[in-house]
Amino acid sequence: MVQQQRETWATRLGFILAAVGSAVGLGNVWQFPFQTGANGGAAFIVVYLLAVFLIGFPAMLSEFVIGRRAERNPIDAFARLGHRNWKVVGVLGTVSAFWILSFYSVVGGWVIRYVLGSATGAYFSGSEAYFGAIAAGPEAVGFHAVFMALTVGVVAFGVTDGIERSTKLMVPSIVLLLGGLAVWAGTLPGGAAGYAYYLSPDIDALVSNLGSILPAAVGQAFFTLSLGMGAMITYASYLGRDDSLPTDGGTIVILNTFVGLLAGLVVFPILFSLGIDPGSGGLGAAFITLAGAFAQLPAGRLLGVAFFVVLLLAALSSAISLLEVVTSYLVDNTDRSRRSIAVALGLGIFLLGVPSAFGVPILAWYNAVAYNLLLPLSVLALLLFVGWVDAGDAVAELRRGTGLSESGAVAWLWFVRTVVPLGVLVTLLLGLQSLAVRAGLLAEAIV
C-alpha cells in the first residue's frame, strides 16, 4: 500500500474558520435557542457559558494537542503517540461522528425543505402541519440524501480545496446574515420581553432545576464545540507546528459562543413579539415556531429564506467536519482516492440515518444517545488520556508556538486532570438517567 501525501491547511485563518464552521452548526442555530427556551431561558445561558469556558475550552485544547502532535486521524493518533491500547478512545470519537452525522443529515434535509418552503410560502397556511408532512417519510429520506450528497461533495475535494475554501465562505456569511436578522428582530414590538427572558437569569429557577439544566448545558457545549467526535483532533492534525493552540482555541470558542448568543438575539424577540412559548416544539421547534412566526410577519418569505439559509450553511459547515473525521482514517490507511472514500462513507452514514428519517421520536433517540452518552463518554476518556497518560508531552505540545509559561501549562493540565473530568462525569451520570427516561418514551411511541 502506498500511503497518500497528507494535506495541511493553506492558512492559519483557514484552520480557524474551518474549526469555527465545525462548531457553528445546527447545534448553535437550531438547538441552542430552543435548549435555552426549554431549560429556563437565561438560567440555562449561565450554566452553558460556564460549561463552555471551564469544560469545553480545556477539553478542546486536549484534542488539539493530540491531533497536532500525532498528525493523524483520531484512531491512529494514539498509536502514533506510543499508546496503542488507547486507540479505543479514537474509535469512540469516530463512531460518535458517524452516528451524529447520520441523524444530523436528516435535519439538514429538513432545512433544505424549509428554504424552498420559505421561498414559495408553502408553510404559511399551517407551519405545524407542514412540519408533520416533511419531517418523516420517503420525502424526508430523499432530502436526507440530498444533504448528504452536498456534504460528500465538499469533503471529496480535500482539506484545502474543499473544506477550507467552503468554510471561508460559509462562516462569514452565517455571521453577516445572523447579524442582519438580529438588528431587524430588535425592532419588533414586544421584542424587549424576549431579551429579558434571554438575558436576565432567574437564580431560583437555576438552583431548583440544576439537575436537568447541567447535562443539557454541558451536552450543548460539547455539541456546539464539536468535542468528543474526533473533529478537533482531525482538524488539528493538519496544523502547522508553530501555531499557538491556546490562541486559536480561544478564538474558536469565542466566535462559536458569539454566534450561538447571536442566534438567541434573533429567535427570542421574534417568538415573544408573537406570543409564542419559547420552550415549545421539541426538536421541531425551530421549524414549527419560527416558520409560524415568519408566516405572520411582513416580508415573511424573504426573512424565512434568510434564516433558513443561515441554518443550511451552519448545518453544512458542521457536517463536513464530521464526515472528514471518518474519511481521514481511510485516507491515512488506504491507497483509495479521497473521492471514492467520501462517497462510500457518505452512503453508509446515509443508510444509518434512514430510520431517523421515518420518525421524529427515533431521531430524538439518536440525538439523546449522542448528547447523553457518546459525547460525554468520549470527552471523559480523552481527558483521562491527556491528563494522566500523556501529560508531559501534552504540556510540551500546548506550549509549542506560544509564550505560555510552564506554570500556566501545568495549571491547565491539573484542570484537565481534576475539575473538567469531574464535571463531565457528573454530566454523564445525569445524562444516563435522562437517557433511560427517553428510552421508555421511545418504547411507548413505537408501541
Side-chain angles (χ1 to χ4, degrees), residues 12 15-16 19 23 47-72 74 77-90 92-93 214 217-218 221-222 225-257 375-428:
R12 185 176 182 182
F15 161 67
I16 291 174
V47 181
Y48 169 75
L49 291 176
L50 289 173
V52 164
F53 289 99
L54 297 181
I55 297 177
F57 179 49
M60 177 180 285
L61 293 180
S62 298
E63 295 206 18
F64 281 177
V65 298
I66 291 174
R68 186 172 70 174
R69 191 157 67 88
E71 297 182 335
R72 282 293 179 271
F78 294 89
R80 182 75 178 268
L81 298 179
H83 301 282
R84 186 174 297 275
N85 292 337
W86 283 80
K87 286 179 67 173
V88 65
V89 180
L92 180 58
L214 181 61
V218 176
F222 291 160
L225 292 175
S226 294
L227 300 177
M229 50 189 88
M232 293 305 172
I233 293 178
T234 303
Y235 276 10
S237 74
Y238 303 127
L239 261 180
R241 303 293 290 174
D242 295 326
D243 292 345
S244 170
L245 296 181
T247 300
D248 290 354
T251 302
I252 292 162
V253 168
I254 290 170
L255 286 175
N256 171 72
T257 305
L375 296 186
L377 185 61
S378 179
V379 172
L380 181 60
L382 187 81
L383 292 169
L384 293 175
F385 173 79
V386 171
W388 295 100
V389 177
D390 200 47
D393 289 330
V395 166
E397 188 64 35
L398 183 69
R399 295 184 64 198
R400 188 189 302 275
T402 74
L404 185 65
S405 66
E406 184 173 358
S407 60
V410 170
W412 162 79
L413 176 65
W414 277 101
F415 206 72
V416 166
R417 282 178 166 177
T418 56
V419 176
V420 183
L422 180 61
V424 176
L425 180 60
V426 170
T427 299
L428 177 60

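- Going from atom CG of L245 over to atom OG1 of T402 covers 8.0 Å, rounded to the nearest 0.5 Å.
- Taking 4.5 Å as the limit, every side-chain heavy atom of I254 sits out of range of all side-chain heavy atoms of F57.
- Atom CG of D390 and atom CG of L81 lie 5.5 Å apart (nearest 0.5 Å).
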Should L214 and V47 be marked as a side chain to side chain contact (heavy atoms under 4.5 Å, CB included) after you check the CA-CA gap, both sets of side-chain angles, and the distance that decides it?
-> CA-CA 7 Å; L214 181 61; V47 181; 4.0 Å; yes

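- Taking both residues in full, the closest heavy atoms of P376 and L428 are given as CG-CD1, 3.9 Å, listed atom of the first, atom of the second, then distance.
- Among all heavy-atom pairs drawn from L404 and P246, the shortest one is CD2-CG, 4.5 Å.
- With rounding to the nearest 0.5 angstrom, the CD1 atom of I252 is 4.0 Å from the CZ atom of F64.
- Scanning both residues, S378 and G228, for their nearest heavy atoms gives OG-O, 2.9 Å.
- To the nearest 0.5 angstrom, N256 atom CG is 7.0 Å from M60 atom CE.
- Minimum heavy-atom separation, A394 to V386: CB-CG1, 3.8 Å.
- For the pair F222/I55, a side-chain contact is recorded, criterion being any heavy-atom separation below 4.5 Å from C-beta on.
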Yes or no on side chain to side chain contact (heavy atoms under 4.5 Å, CB included) for L54 and V419, after CA distance, side-chain angles and deciding distance?
-> CA-CA 8 Å; L54 297 181; V419 176; 5.8 Å; no

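- In this structure, R399 and S405 approach most closely via the heavy-atom pair NE-C, 3.7 Å.
- In this pair, F385 and W86 present their aromatic rings tilted. The plane angle is within the 30 to 60° band.
- Atom CG of D248 and atom CG of D243 lie 5.5 Å apart (nearest 0.5 Å).
- Closest approach of P58 to F415, counting heavy atoms only: CG-CD2, 3.9 Å.
- The structure places CD1 of I233 at 12.0 Å from OG of S226, a figure rounded to the nearest 0.5 Å.
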Stepwise side chain to side chain contact (heavy atoms under 4.5 Å, CB included) check, T257 with V253 = CA-CA 6 Å; T257 305; V253 168; 4.1 Å; yes

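- Judged purely by atom type and a 3.5 angstrom limit, R68 uses its side chain to pair as donor or acceptor with the backbone of E397.
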Check the pair Y238 / T234 against side chain to side chain contact (heavy atoms under 4.5 Å, CB included), numbers first and verdict last.
-> CA-CA 7 Å; Y238 303 127; T234 303; 4.0 Å; yes

